[in-house]
Amino acid sequence: MSAIAMRELTKVYPNGVRALDALDLEIADGEFFALLGPSGCGKTTLLRTIAGLEVASAGSVLIGERTVTNLPPGKRDVAMVFQDYALYPHMTVQENIAYPLRIRKVDRRSRAAKAADTANELGLSALLERRPGQLSGGQQQRVALARAMACHPQVFLLDEPLSNLDARLRLEARTFLKRLQRELGVTTVFVTHDQAEALALADRIAVMEGGRIRQVGTPTEVFRRP
Ligand code: ADP
Ligand code: ADP
């Protein structure tokens, strides 16, 4: 069974830009899948359309066996981590992590317990009372991941979450992401324009171009020299 399937998925923005052009793609259960391609090819739009943050103009998105094309983000069992992390600056780490649970009407006690568990898994326990402005880039990235993980989503969507980290932290974060994916078995879709990142992390890679998939395969298949 595919974890995520896109069928003839099309997104035309109000300004007429066709960011996704009848795109077909299937991502397997538990896969760590990279979307690679030059700036403007539609990677972020695809991720946002899977998340329900953009409405498809045509075609469909399936998550598991459910067609979710017209469902709002909260009903899709996905969590997204943004490039700039998008943490709430006025909330503590604990409140940031618990926020999606609050939205989902999880009661206060379970929220606190889940937030604490997740923070512990990501090595954030000592930082729960801080605000994002008092954290390093790497710590903020972990809070963003923790916030996404706390709901135990079926699908994890990551939009260049490592691009704001320096080289050393990026390496650390890669190892960390890979371990999470192995341990939790969550299907992960990862946007990058960095070939080395895709190679280091992905089970399979789709190379996008002009709102379509140009090529899809394992890193070896995609990067094989002709
Ligand atoms: P830019 O010049 O904006 O970086 P590129 O066309 O060089 O855009 O490509 C962006 C990313 O896609 C790069 O990481 C590049 O290595 C990768 N890429 C381009 N063509 C291929 C290909 N045929 N197979 C795999 N990756 C590719
Ligand atoms: P990528 O993530 O690969 O850089 P995007 O999905 O951000 O690509 O963008 C794909 C195309 O859609 C680009 O031509 C971009 O300018 C356009 N685009 C993205 N977001 C919007 C928007 N909100 N309104 C209009 N056009 C957009």
Side-chain angles (χ1 to χ4, degrees), residues 2-27 31-63 68-74 76 78-87 137 140-141 144-145 147-148 153 155-167 170 173-174 177 181 186-219 221-223:
S2 304
I4 315 172
M6 276 66 69
R7 309 240 192 273
E8 302 203 359
L9 187 63
T10 299
K11 173 65 185 181
V12 183
Y13 283 110
N15 61 358
V17 171
R18 186 173 288 265
L20 301 176
D21 188 12
L23 177 147
D24 286 301
L25 182 64
E26 292 198 8
I27 295 170
E31 212 167 24
F32 203 121
F33 195 95
L35 295 172
L36 182 70
S39 176
C41 69
K43 305 182 294 296
T44 297
T45 302
L46 178 54
L47 215 61
R48 291 177 60 85
T49 309
I50 297 171
L53 300 169
E54 299 289 349
V55 178
S57 310
S60 57
V61 179
L62 280 86
I63 294 178
V68 300
T69 321
N70 298 310
L71 293 183
R76 291 189 181 209
V78 303
M80 183 151 166
V81 176
F82 299 91
Q83 183 168 11
D84 62 359
Y85 313 137
L87 299 175
Q140 288 182 39
Q141 190 241 7
L145 280 172
R147 187 176 58 180
V155 172
F156 223 16
L157 306 171
L158 310 175
D159 191 1
E160 305 216 28
L162 311 187
S163 62
N164 291 324
L165 302 178
D166 65 32
R170 189 173 314 142
R174 270 189 201 164
L177 274 181
Q181 186 249 351
V186 179
T187 308
T188 305
V189 188
F190 182 90
V191 161
T192 181
H193 61 269
D194 181 347
Q195 196 167 305
E197 202 120 284
L199 254 173
L201 287 166
D203 298 319
R204 283 198 307 150
I205 296 171
V207 182
M208 289 185 69
E209 187 179 84
R212 289 171 163 269
I213 305 296
R214 189 179 67 191
Q215 194 186 358
V216 59
T218 64
E221 287 163 355
V222 168
F223 294 119

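As the structure is a computational prediction, the values presented were derived from the model and not from experiment. In each ligand, atom 1 is the first atom listed, and ligand 1 is the first ligand listed.
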Quiz item: Looking only at side chains, do T45 and Y13 share a donor and an acceptor under 3.5 Å apart?
Solution: yes
Practice problem: Check whether any side-chain heavy atom of M6 sits under 4.5 Å from a side-chain heavy atom of I27, and report yes or no. | Solution: yes
Quiz item: Do K43 and F190 have side-chain heavy atoms sitting under 4.5 Å apart?
Solution: no
Quiz item: Does the side chain of V189 reach to within under 4.5 Å of the side chain of I4, using non-hydrogen atoms?
Solution: yes
Quiz prompt | ligand 2 contact by G42, heavy-atom criterion under 4.0 angstrom | solution = yes
Exercise. Give the residue and atom name of whichever protein heavy atom lies nearest to atom 25 (C) of ligand 2, and the separation in Å to one decimal.
Key: N15 ND2, 3.1 Å
Practice problem: Do me a favour and list the nearest non-hydrogen protein atom to atom 9 (O) of ligand 2 with residue, atom name and distance? | Solution: T45 OG1, 3.9 Å
Self-check item: Short side-chain to backbone donor-acceptor contact, E197 and D194, under 3.5 Å
Solution: no
Exercise. Provide, to 0.1 Å, the distance between atom 10 (C) of ligand 2 and the closest protein heavy atom, together with that atom's residue and name.
Key: G40 O, 3.4 Å
Quiz item: Is the shortest distance from a Lys or Arg side-chain nitrogen in R7 or E26 to a carboxylate oxygen in the other one below 4.0 Å?
Solution: yes
Quiz item: Which ligand 2 atoms does A19 reach within 4.0 Å, using its non-hydrogen atoms?
Solution: 10 (C), 11 (C), 12 (O)
Quiz item: Nearest protein heavy atom to atom 15 (C) of ligand 2: under 4.0 Å?
Solution: no
Quiz item: What protein heavy atom is closest to atom 19 (C) of ligand 2, reported as residue, atom name and distance in Å?
Solution: Y13 CE1, 3.5 Å
Quiz item: Any donor-acceptor pair under 3.5 Å linking the side chain of R204 with the backbone of P219?
Solution: no
Quiz item: Can you tell me the protein heavy atom closest to atom 7 (O) of ligand 2 and the distance?
Solution: T44 CB, 3.8 Å
Practice problem: For ligand 2, find out whether one of its N or O atoms is nearer than 3.5 Å to an N or O atom of V17. | Solution: no
Exercise. Below 4.0 angstrom from a heavy atom of P38, which ligand 2 atoms are there? Numbered from 1 as shown, please.
Key: 3 (O)
Quiz item: Do the side chain of T187 and the main chain of A3 share a donor and acceptor less than 3.5 angstrom apart?
Solution: no
Self-check item: Atom indices of ligand 2 within 4.0 angstrom of K43 heavy atoms, with elements
Solution: 1 (P), 2 (O), 3 (O), 4 (O), 6 (O), 8 (O)
